[in-house]
Undergrad: 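I have a structure here, written as structure tokens, and I will follow up with some questions on it.
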Amino acid sequence: MTWRRSQVRFLPHPKLEMSEKNYPIETLRHSAAHIMAAAVRKIYKNAAFGIGPSIATGFYYDFDLKETIKPEDLKTISKEMEKIINEAIPFKRYTMKKEDAIEFFSKRNQLYKVELIKEIPDAEVSIYELGDFVDLCKGPHIENSSHLKHFKLLDIAGAYWRGSEKNKMLTRIYGTAFATKQELADFLKMREEAKKRDHRIIGKHLFSIHPQAGTGLIHWHPDGAALLNTIETFWKKQHILNGYKLVRTPHIASEELYRISGHLQNYSEFMYSQMDIEGKPYRVRPMNCPGHIMIYASELHSYRELPLRLAELGTVYRFEKSGVLHGLLRVRGFTIDDAHIFLAEDQVIGEIINVFDFTLKILASFGFDKFKIYIATRPEKKYTGELKAWELAEKSLKEAVAKKGIAYEIDEGGGAFYGPKIDIKIKDAIGRLWQCSTIQFDFNLPERFKIFYIDKDGSKRTPYMIHRAIFGSLERFTGMLIEHYKANFPLWLAPQQIRVLPISEKHTNYAKSVFEKLKKSEIRVSRDFRNLSINKKIKEALNEHIPYLAITGDREIKEKTVTVRGRKQNIGVFSIEKLIEKLKLANTQYKETLDKD
RNA sequence: GCCGGCGUAGCUCAGCUGGUAGAGCAGCUGAUUUGUAAUCAGCAAGUCGGGGGUUCGAAUCCCUUCGCCGGCUCCA
């Protein structure tokens, strides 16, 4: 431990501007957590302290309190923090022998700290003092409390001690801190922005969830279903064009199938209980892979056919604890845009790269071009197969990603039970990351099902398998799209692409003919022939995020045209034929807007 | 599942320390015939999430249950 700042440095010159300090953001936030803890200690005398780290969006501290903290209490705590900040209390670092530290914290009833100290391998531990608040801490910290200028306490939550459900639940307070006022303001604004994009609110007319029908289960309304249909049609077309074969498999299967696959042994906590069909146990499927393997196994395959790519928009059902359900993003029944690729050993790396490129290409069509890549390795307990094979599999995933020259992080133990995976997290319009795409390497299921292909020399060989999904789940992907686009879908995706609005009832007949022509041309057109002012009808249509409005009045009838209004203003007057042509082009070429000319 | 919060008309919300419900929007009816973000008027609409309790009296207090929200854990 070489950090001795508090011992060799003294308080800065009072005139020295704080903005000249260039603390790493983690240091600033970690110190903010300490200052918050000191404030909590002043208000709640008996508080026991858990941990208080800096995190990607700020910091938190976990407390064991007798009292429950309410949202309005955050103000009181903030004020107490301000006091500490105004006093410019220095952070002082000390070291203590482990035994002394254990005694020290035991005396103060800080049993969580004692637990932490016992696990530190060194003979000495470091202690930071902030006035009369003393905490076990590696540091480093800011010089004194006044260097924290821009912070805000955000949320209160329950959090298990050390993240385990078996432990006591502590009270966690989240906050954030930044070096500048502007950064803090931007962050808070971004949080507000995220709230405004909540798909459960702005996507209300697209889907619903009914406690009466079962929580975590989605009912797609006409507009939502239209959106899904567009996505699915696009998906199918792209897959056919890229060497996949579309298949369909059953939603339930004999339990025997899941015993062979290993799902029963390794995945049962997510599977719904069995049902009895003529004395035989069946299960609702949690994954599509066994079904695809059945299709593979029903024919003899030559090495010449590999890689064999089977794809399906496969709906699965998984048990998720009620507390984790969240709109479209976490549900109990969802459709995976699944594919299973059967291939020979020497094709693995090439095919992973192939899948990777295909995935990025598809995602780009939805406006996503920033990602974060994770390689998830073998789970500690629930896995199947040999360790050696796992190592090899993990190595080939890393190799494939390395070949693409893409940076990745390791998600230790995050793999599927049958193999490691590459997870692609998508960055949306306001910088949030979403887990959607996944590419999984499987050397286990083919063996368990004893599937094979005939190799060049006439011998039987076990293929490898790649499981992959690009959207992940259509539900989650759609939920993310709603938030990404703020419900202002690009033209090709919009559930309603254009709405026909007559100026008054007099123009209904003409509007009707426009509507019919658009409809016959397979444009997703809607109409509002109600006897309302044109202003009102425009307002409603815009609130429904419809990208284009076809306005029809006397002028249009006379000239056999329509005036087209975009989301912001009029974009021009077109003949009906010209308008249809433009809309059709937008659909076939996946365009965001109508071409202007 | 766990911690905390919430649950009033289709939607958004009001209803102070208990005296048995109210607004805007949407809906319906009528008038108006409208040129780029709300025409006017009238009508109808709630066993105040469900169950139990305290009380002369409960949307309001207590218990319980279901659901939702913010997190934890988990995940496509």
Side-chain angles (χ1 to χ4, degrees), chain A residues 60 62 64-65 68-73 154-174 195 198 200-201 204-205 208-212 214-216 269-270 286-288 314-316 318-338 376 411 414 416 421 423-425 434-438 440 467-480 501-508 531-544 549 551-556 563-571:
Chain A
Y60 67 79
D62 287 344
D64 191 353
L65 301 169
T68 58
I69 295 187
K70 291 185 177 146
E72 52 269 31
D73 297 328
L154 302 169
D155 293 303
I156 304 160
Y160 300 108
W161 167 239
R162 321 205 82 177
S164 166
E165 287 182 74
K166 290 180 188 119
N167 292 337
K168 185 169 182 185
M169 183 156 271
L170 309 179
T171 304
R172 174 172 295 178
I173 301 178
Y174 282 97
K195 266 189 208 162
D198 191 327
R200 292 164 302 182
I201 294 164
K204 246 180 184 161
H205 65 296
S208 58
I209 302 167
H210 306 268
Q212 201 180 17
T215 187
E269 56 180 313
F270 298 108
M287 290 191 196
N288 304 307
T315 303
V316 299
R318 296 182 187 172
F319 169 72
E320 298 284 356
K321 292 173 181 172
S322 58
V324 308
L325 301 173
H326 184 96
L328 292 174
L329 304 179
R330 193 76 183 271
V331 295
R332 284 181 174 160
F334 56 97
T335 301
I336 302 177
D337 66 315
D338 221 346
D411 173 10
K421 59 182 183 175
D423 281 338
I424 301 170
K425 294 198 182 180
W434 305 77
Q435 162 72 68
C436 294
S437 314
T438 181
Q440 312 180 345
H467 308 231
R468 47 107 284 186
I470 297 172
F471 303 142
S473 108
L474 281 171
E475 285 73 9
R476 178 177 288 180
F477 189 75
T478 306
M480 181 190 67
L501 301 181
I503 296 278
S504 83
E505 254 181 350
K506 286 191 302 197
H507 312 110
T508 304
N531 184 12
L532 294 170
S533 72
I534 186 69
N535 282 340
K536 175 71 177 238
K537 288 185 282 197
I538 287 173
K539 181 180 164 62
E540 274 193 29
L542 291 176
N543 284 340
E544 288 175 50
L549 308 176
I551 295 173
T552 54
D554 289 336
R555 289 205 291 273
E556 289 78 8
T563 300
V564 178
R565 189 199 202 278
R567 285 183 170 120
K568 294 212 169 80
Q569 72 268 313
N570 272 356
I571 62 155

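Since the structure is predicted, the reported quantities are computational estimates derived from the model, not experimental observations. To find a chain, count down the sequence lines: A is the first, B the second, and so on, and within it residues start at 1.
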Undergrad: Just checking A/Val331: base, sugar-phosphate only, or nothing, at a heavy-atom cut-off of under 4.0 Å?
TA: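 Answer is base: heavy atoms of A/Val331 come under 4.0 Å of a base.
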Undergrad: May I ask you to say what A/Ile534 touches in the nucleic acid, namely base, sugar-phosphate or nothing, with a heavy-atom cut-off under 4.0 Å?
TA: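 Sugar-phosphate, backbone atoms only, no base.
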Undergrad: By ring pair (Phe, Tyr, Trp, His ring centres under 6.0 Å), which residues pair with A/Tyr60, not counting sequence neighbours?
TA: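 Here the qualifying residues are A/Tyr174.
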Undergrad: When all nucleic acid strands are considered with a 4.0 Å heavy-atom cut-off, which category describes A/Glu505: base, sugar-phosphate, or nothing?
TA: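 Base: the residue A/Glu505, judged by heavy atoms under 4.0 Å, touches a nucleobase.
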Undergrad: Under 4.0 Å, heavy atoms only, any strand: does A/Arg555 hit a base, just the sugar-phosphate, or nothing?
TA: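 Result for A/Arg555 = base.
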Undergrad: Using a heavy-atom cut-off of 4.0 Å across all strands, would you classify A/His507 as base, sugar-phosphate, or nothing?
TA: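 If one applies the 4.0 Å heavy-atom cut-off, A/His507 turns out to touch nothing in the nucleic acid.
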Undergrad: Name the nucleic acid region contacted by A/Lys421, choosing base, sugar-phosphate or nothing; use a 4.0 angstrom heavy-atom cut-off, strictly under.
TA: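 If one applies the 4.0 Å heavy-atom cut-off, A/Lys421 turns out to touch the sugar-phosphate alone, with no base involved.
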Undergrad: Not counting sequence neighbours, which residues clear side-chain contact (heavy atoms from CB on, under 4.5 Å) with A/Lys425? List them please.
TA: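 Testing A/Lys425 for side-chain contact (heavy atoms from CB on, under 4.5 Å), a comparison that skips the adjacent residues, returns A/Lys372, A/Tyr374, A/Leu433, A/Gln435.
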Undergrad: Identify whether any heavy atom of A/Ser164 sits under 4.0 Å from a base atom; if not, whether one sits that close to sugar-phosphate; answer base, sugar-phosphate or nothing.
TA: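 Nothing, no heavy atom under 4.0 Å.
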Undergrad: Describe the nucleic acid contact of A/Phe477 in one word from base, sugar-phosphate, nothing, applying a heavy-atom distance below 4.0 Å.
TA: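 Here A/Phe477 touches no strand at all.
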Undergrad: Can you list everything that forms a ring pair (Phe, Tyr, Trp, His ring centres under 6.0 Å) with A/Phe270? Sequence neighbours excluded, please.
TA: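 Partners of A/Phe270 under the ring pair (Phe, Tyr, Trp, His ring centres under 6.0 Å) test: A/Tyr267.
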Undergrad: Between the base of B/rU36 and the side chain of A/Asn535, is one N or O donor paired with an acceptor at under 3.5 angstrom?
TA: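 Donor-acceptor pair under 3.5 Å: no.
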Undergrad: Please identify each residue that fulfils ring pair (Phe, Tyr, Trp, His ring centres under 6.0 Å) with A/Trp434, with sequence neighbours left out.
TA: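 Expected list: none.
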Undergrad: Using a heavy-atom cut-off of 4.0 Å across all strands, would you classify A/Gln440 as base, sugar-phosphate, or nothing?
TA: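 A/Gln440: no heavy atom of the nucleic acid under 4.0 Å.
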Undergrad: Across nucleotides 2-11 of chain B, 5' to 3', mark each nucleotide with B, S or - according to how protein heavy atoms within less than 4.0 Å reach it.
TA: BBSS-----S
Undergrad: In the 5'-to-3' direction, what one-character label does each nucleotide of nucleotides 43-49 of chain B receive under the scheme B = base within less than 4.0 Å of a protein heavy atom, S = sugar-phosphate only, - = no such atom?
TA: -------
